[in-house]
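What follows is a single structure, written as C-alpha cells, with notes after it.
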2 protein chains.
Amino acid sequence: MNDTVKYVLDESRIPKHWYNIVADLPAPPAAVLHPGTRQPIGPGDLAPLFPMELILQEVSQEREIEIPGPVRAVYRQWRPSPLFRARRLEQALGTPARIYYKYEGVSPAGSHKPNTAVAQAFYNKEAGVKRLTTETGAGQWGSSLAFAGQVFGLEVKVFMVRVSYDQKPYRRALMETYGARCVPSPSPETRSGQAILAQRADHPGSLGIAISEAVEVAATDDDAKYALGSVLNHVLMHQTIIGQEAIAQLEMADDYPDVVIGCAGGGSNFAGIAFPFIGAKLRGGPGVRVIAVEPAACPTLTRGRYAYDFGDTGHLTPLVKMHTLGSGFTPPGFHAGGLRYHGMAPLVSHCLDLGLMEARAYRQNEVFAAGVQFARAEGIVPAPEANHAVKCAIDEALACKSEGRARTILFNLSGHGHFDMQAYTDFFSGSLQDQAYDEEELETALAALPVAT
Amino acid sequence: MNDTVKYVLDESRIPKHWYNIVADLPAPPAAVLHPGTRQPIGPGDLAPLFPMELILQEVSQEREIEIPGPVRAVYRQWRPSPLFRARRLEQALGTPARIYYKYEGVSPAGSHKPNTAVAQAFYNKEAGVKRLTTETGAGQWGSSLAFAGQVFGLEVKVFMVRVSYDQKPYRRALMETYGARCVPSPSPETRSGQAILAQRADHPGSLGIAISEAVEVAATDDDAKYALGSVLNHVLMHQTIIGQEAIAQLEMADDYPDVVIGCAGGGSNFAGIAFPFIGAKLRGGPGVRVIAVEPAACPTLTRGRYAYDFGDTGHLTPLVKMHTLGSGFTPPGFHAGGLRYHGMAPLVSHCLDLGLMEARAYRQNEVFAAGVQFARAEGIVPAPEANHAVKCAIDEALACKSEGRARTILFNLSGHGHFDMQAYTDFFSGSLQDQAYDEEELETALAALPVAT
C-alpha cells in the first residue's frame, strides 16, 4: 500500500523527434503580424532575434522535427523523466481513480524549462551566437537558460522582474552559480527600461517589460540573440518530449489517460504533456479530455479575449493572435510567478478555440492546500505553478470518487518548489495572497488591445 | 564532448540486503558503555530509545541484513539512484582522470538521509510506536524523517538547532509541509533544554543539545522512540545501498575506483559509499584508497582524539569510542550544518584507526569554489556538505593531471543545495565564514573527555 510505482524508460527511449501539432490541426493557426505594418511577417523579420533553425521550426508544418544528437546527449542527464503512479495520494483521497504524474523536477534547474533551453542554446551556438538575453519572472526559465548556456559555452544575461529579483534572492543565486548575469528589470541598461524608470523609479517590473529589455539588447547586439521560455511554437514543440515519454510509460502500465492536465502560464509545460495526446486523438486515437489550469489572478484562458496582441509591454514584438488580458494588464502579486503572463501561447489559444481542450482557474490558497496534500502523500514538494495542476487532478479524482468511476488521470508535475518555500511559509501562516484579478483593470487593458485583422 | 553519461540500474537492482562491515573487519569495534556504570551495555539498555529490530541491527555481526519489502517499495521512488560520469567536469579540469559521482539528491528530501529514515520509520511502525523524536542541524535529517514518518503514519517531532531554525526557515517549511512539528532547541519542552536556557536564554543551540532533548522526550513517552540520522552502526548500514549500487553501476562502465571519496559529519553518507568498497578489499578484492573529507572548522577525524565520549552535550547517551573533539566543543558557525558534530561514527573511527581509510580537512571558501566549478560543469548545485567531497575529487583529479595518470575517482554527491543558497550568496559576496576551529576551545573540550577503559 506504500508502494511507489515508477515507470522508467531506458535512455534509448528519449524521443528522437519533437512533435509539431500544427501538422495535425484541422485549421492552421493565425498569421503572425508585423508590429509596424500589421502584415504577416516572414522568417527574415525574426532573424535579428533568433537563429534561422529556430525560425524555421517556428513556422514549420512538418509533424516531426529531429532532435539533434548533442541535444539528446544533454537530455540524458535527466531524461527520460520518471512517470509515477500516485498510489499514496489515491489512498489518501479514497478515490477509485488511477492518478499518474510525469515529474519534470528531476532536471538540473528543477523544471521542464531545460528541455527547450538546451535546444535553444544548441542552435544559437551552431549559428555562431556568443550571447543570449532573456527575461525571467519566478526564475525557472532564467536558471534553465543559465544552465544551458553554460553547457554550450554561451554568455547569458537575464532580465529578472524586479519584484522577483528582490523577493527571490536564491533563484538569482542559482543563476549566478550557473555563471549567468542577472539584472533587475526595469533596468537603466536599455531604452525600454529607462523609459519605464523615468515614469516610476521604483517600478516593480513585469514580464512584459523584461521581454522588451531582453529583445532590445538582442536586436542591437550582433553577437547576441534572444531566447524565450514559453509562448512560441518552437518552444512548445521542444516540450512535447514530455507527452511522448508519458505515452510510452503509460503503455508500460497498460493504461491510457481519460484526462490530461497541465498548468498554463505561457503554455509550454501544458503543451508539452498535452499536445501529443491531442495529436493522437486528431489522428484517430483514443478520446481524451485535456485541461489547462491557470490562476484566478491571471485568468488568460478563462477570462481573456482571443485577439491579436503584443507579447510585451513595450510593443516591440510581433502581433500574435492569442487569449490575452491585454499587454497592459498587471496581475495582482502572487507566488506562482511562472503564471503571471498576460497572454497565452498562440497554439494553446488556437486549440482552446477549436474546442480541443478546456480551461479552468483556481485561487492560490486552494491550490497550495492541494500542493501540501500532495507533498504529504508523495514526498515531492511541487512548485507553486505545478500546484495548479495538482489541484485539478485531485478535483478530478474526487469526482471519480463521487461518481464511483475509475478514470485514469495524468498530470504534469512541471517542477519542484525548493526555491519557492516562502510561498509555503506564507500559506501556513495564512498570509498568502488570494485575490482574483481587478475587473476594472482587465476592462481597461482589453479596451487597449490593438485592433488588427 | 557535452555528453552526459548516466548509469541507471533497473529497480530490480535495488539492493536486497544492507551490508554490515563489522563482519569483515580484522578487529571488532570497541564496546559501547553505559553512561552511569561505564560497563558494556546490552540490547535491553537501548530499548527505551529504539525498537528491538534496530537494536539487533546495531549489535549484529552478520554480513548481510535483508531489507524488508515495504522499505524497498518506498526506495523505489528514487532508487537505484543514478551514477554519473562527470565528463564536463573532467573536460573543464583537463584531467585524464575518470570522475564518477553517485547522486543521492534525487530523493524526496534531497539527500541520502531518507535511505535510513524510511527504514527506521518502518521498524518503529512495526513495533507499534506512535511518535518519533529526533534532532536536526541543517535540516537534511529532520526533513527526511518527516517524509518517512508521513509515509508510515508516524508523528514526528524535530528539535532543530536554534541558529539553524532561525537561519533556515525554508528547511523548517519543508518539515512542516511534510507534516512534522519543528521545535527550536534548546526548548522549554525538556529538562535538558530548560537547564541550558536557564544559563543562557538566547543560547544558539547545538546538535549535542538537540540530541539530549530528543532522547529525553523519547525516554519519557511510552509511545515515542528516538531516531538518529547518523553515527550509529545501523544507520551507517542502511546507507550501504549507495556503495552497493555504485559497484554495480561501475561494472556497467567496466570500471572500478582507485579512490572513493565522501564527506563526513557523523559519517553516514561516507560509510554508505565507502564501506562496500572497504569490505570488498578486506575480502580480497581490488585495492582502493578511501578518503573522508571534513571541514577545517570541525576537524573530528584529523584533529580529534580517538577516545570514549558522550554522543550528546547533556551526557544522556551511552559512551562510544570514536574520534571526538569533546562533547563540549562548539565549532565556529559555518554553513555545512550537517558537518558540525563533535564526534564521528564509531565504525568510521575504527576504520581510520585500522588504517583502512584516510581523512582530510578543507576550509569553507575553497570548498564552495569547488562546488561552483562543479555546478557550472555538471548542472547540479551540491549541498555545502557535499562540496567537501567535490573539492577532494577535484584535487585528486588535478593530481592525476600533474602526474599524467588516468585514475578512476568515485565520490558521493550526498545531496543538492537547493535549501542552502544563502551560503552560495555569501560565497559570491565574500562574506562566507572561513575560520578553522579555536585551538584553545579544542584543548578545553578534549581535557574534559570522560576517562573510560
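Convention: sequence-line order gives letters A, B, ...; per-chain numbering from 1.
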According to the salt bridge (Lys or Arg N to Asp or Glu O under 4.0 Å) rule, which pairs have a member within residues 99-108 of chain A, sequence neighbours left out?
A:Arg79-A:Glu104, A:Lys102-A:Glu245

Under 4.5 Å between any side-chain heavy atoms of A:Arg88 and B:Gln77, yes or no?
yes

Tabulate, in ascending numerical order, the residues of residues 107-116 of chain B having at least one heavy atom closer than 4.5 Å to a heavy atom of chain A, or enter 'none'.
B:Pro108

A:Glu11, A:Arg72, A:Gln150: which one forms the most heavy-atom pairs within less than 4.5 Å of chain B?
A:Gln150

Taking the side chain as everything from C-beta on, heavy atoms only, tell me whether B:Val8 gets closer than 4.5 Å to A:Arg76.
no

Is it the backbone or the side chain of A:Tyr178 that comes under 4.5 Å from a heavy atom of chain B, or both, or neither?
both

Please flag which part of A:Tyr170 lies under 4.5 Å from any non-hydrogen atom of chain B: side chain, backbone, both or neither.
both

Specify which of B:Gly69, B:Ala146, B:Gly179 makes the most heavy-atom pairs with chain A at under 4.5 Å.
B:Gly179

Only pairs of heavy atoms separated by less than 4.5 Å count here; which of A:Glu378, A:Lys6, A:Glu176, A:Arg172 has the most with chain B?
A:Lys6

Closest non-hydrogen atom pair, A:Thr425 against B:Ala173:
OG1-CB, 3.4 Å

For B:Ala375 and A:Thr177, work out which heavy atoms get closest and say how close.
CB-CG2, 3.6 Å

Structural part of B:Tyr424 lying under 4.5 Å from a heavy atom of chain A:
side chain

